[in-house]
Amino acid sequence: MSAGPVLVPDNLHRFPDLHPALSGQAAVVEASRCLFCFDAPCAVACPTHIDVPRFIKKIANGNLRGSALAILDANLLGLSCSRVCPVDVLCEGACVLHRYNEKPIQIGLLQRHAMEDFYERGAKLARVAREDRAGKIVCVGAGPSSLACAAELRLQGFAVTIIDKREFGGGLNTYGVAEYKLRPHDSLREVEFVRSLGVRMQQAEVGTSVMLSDLERDYDFVFLGLGLGVMQRMGIAGEDLHGVVDALRFIADYKTQMAISVGRRVVVIGAGNTAIDAANAARRLGAEEVHLVYRRGEAEMPAFDFEYEHAKAEGIQFHWQLLPVALLGAAGVVNGVACARVELGERDASGRRSPQPIEGSNFVIECDMVIPSLGQSRLTGLVEACPGIAVRDGCLVVDRATGQTGNPHYYAGGDCINGGREVVDAVADGKRAALAITRELDSRRDQAWRI
């Protein structure tokens with residue numbers, strides 16, 4: 001794998017940080033507000049259970065390296081998580097200061113402050129890899145779950161290889177997270193950090209140039225950090241017109257290419273966090289108007305509330321209860337989205353209301369670019385030939401305590417087991433699997449000694 005894409009200089013002024021970094025003095029003042037709760041509900045709310053009071057107290061005392069190491073003890077991708085975690089609904093959402101009608105501690109910004117200092121000073125851990133131990137593990141995919149799994153296993157002393165089909169590591173951290181949240185440079189800092197621990201990186205496509213059966217033969221365990229696949233298609237006419245670009249491809253292109261053309265009037269279809277990321281990016285890249293179309297109502301919108309509020313501040317125009325029925329074009333180029341207004345029916349078992357088109361309500365939103373964002377497809381075909389690996393609702397079934405699949409040779413984590421959650425959830429899955437694999441290899445060694 002390559003070292004990484006170069007951040008387009010022209011994008012720097014278009015994508016300033018969503019939340020500006022804290023200065024050194026501001027970080028100390030903010031850290032001093034912390035009550036250092038003994039039961040730390042903020043730490044409980046974090047999927048990786050970072051010891052939040054511990055790392056914040058070290059910032060208050062001026063020990064930034066100690067703070068970063070405390071974070072890394074629990075989460076080896078502490079930098080990216082400090083930038084992309086929905087802290088409003090996780091650690092900061094659990095802060096006890098809410099009880100006193102006070103602003104919660106800015107845990108995300110404090111974590112970022114410590115982690116950026118750590119990387120600027122060379123990214124060296126206090127704990128290093130143990131002596132090489134018998135055991136070889138391969139991680140399929142180079143996203144957060146595989147990076148976390150590989151780093152922890154390497155620190156335990158095992159030989160680890162990460163295989164990914166893409167040129168650059170990091171998965172969606174590099175390719176799919178909006179730039180105002182996480183720049184490729186920061187994602188790739190963590191990739192290089194994992195590589196510096198002794199993890200081997202290999203570019204290959206598993207299932208094509210390398211088969212799972214080969215990996216099963218050559219390695220003691222296989223960790224599947226497959227992520228998710230391409231964006232789902234809408235199944236309507238006009239999807240192949242020029243100017244129709246799915247949200248993940250759009251985000252990846254503007255993050256890693258030297259130039260990208262954005263329409264004057266853009267329509268984004270969908271209302272998840274990725275859809276809002278794409279809408280905000282289109283606006284910042286020069287679109288005069290950005291319209292976001294969703295077939296259900298505001299209350300059913302899957303995006304987080306703070307993402308919605310941010311998008312409204314960016315000038316995104318939201319259209320509720322509109323169902324795209326066709327993409328229109330001339331000379332092979334998109335020029336409009338035909339929509340039908342809908343009524344929402346009764347709620348189903350999942351609590352969602354099905355949209356029903358209203359007869360005679362069709363109209364057209366004129367545009368010169370359409371960005372569909374309907375969620376990603378599932379990558380389960382790769383494991384169909386592996387006995388014992390079960391799939392349910394498009395996700396690999398694992399033991400939640402260990403990450404082990406029904407086939408004891410395979411572990412899995414991240415989006416391929418949860419259908420698409422947060423980066424921090426993927427990191428937690430990777431570390432959990434790494435520790436389970438370590439216990440299994442230690443058990444094998446102990447049994448061999450007894451024999």
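For reference, positions follow the sequence shown, starting with 1. In this text, all values refer to a predicted model and were calculated from it rather than measured experimentally.
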State, with a plain yes or no, whether a side-chain heavy atom of [X] is found less than 4.5 Å away from one of [Y].
{"X": "Ile269", "Y": "Leu374", "result": "yes"}
{"X": "Phe158", "Y": "Ile437", "result": "no"}
{"X": "Tyr294", "Y": "Glu300", "result": "yes"}
{"X": "Glu30", "Y": "His113", "result": "no"}
{"X": "Gln203", "Y": "Asp164", "result": "no"}
{"X": "Arg83", "Y": "Glu116", "result": "yes"}
{"X": "Glu289", "Y": "Gln317", "result": "yes"}

Reported [atom1]-to-[atom2] distance for the pair [X] and [Y], which is rounded to 0.5 angstrom:
{"X": "Lys312", "Y": "Ile316", "atom1": "NZ", "atom2": "CD1", "result": "12.5 Å"}
{"X": "Cys149", "Y": "Ile162", "atom1": "SG", "atom2": "CD1", "result": "8.5 Å"}
{"X": "Leu35", "Y": "Ile105", "atom1": "CG", "atom2": "CD1", "result": "6.5 Å"}

TODO: Compute whether any side-chain donor of one residue and acceptor of the other, for Gln202 and Thr161, lie under 3.5 angstrom apart.
DONE: no
Task: Test item: side-chain donor near acceptor, Tyr180 and Asp277, under 3.5 Å - done: yes
Residue pairs involving [range] (criterion side chain to side chain donor-acceptor pair (under 3.5 Å); sequence neighbours excluded):
{"range": "residues 34-46", "result": "none"}
{"range": "residues 426-438", "result": "Asp429-Arg432"}
{"range": "residues 397-408", "result": "Gln404-Tyr411"}

Task: Greater than 12 external heavy atoms within 6.0 Å of Arg249's CZ - done: no
Task: Phe118 six-ring face occupied by Arg65 cation (under 6.0 Å, within 45°) - done: no
Task: Electrostatic pair Arg284-Glu314, nearest N-O below 4.0 angstrom - done: yes
TODO: Of all the heavy-atom pairs spanning Gly420 and Asp415, show the shortest one and how long it is.
DONE: CA-OD1, 3.3 Å
Open item on the list: Measuring centre to centre across the rings, with the benzene-like ring taken for any Trp, is Tyr308 within less than 6.0 Å of Phe304?
Closed with: no
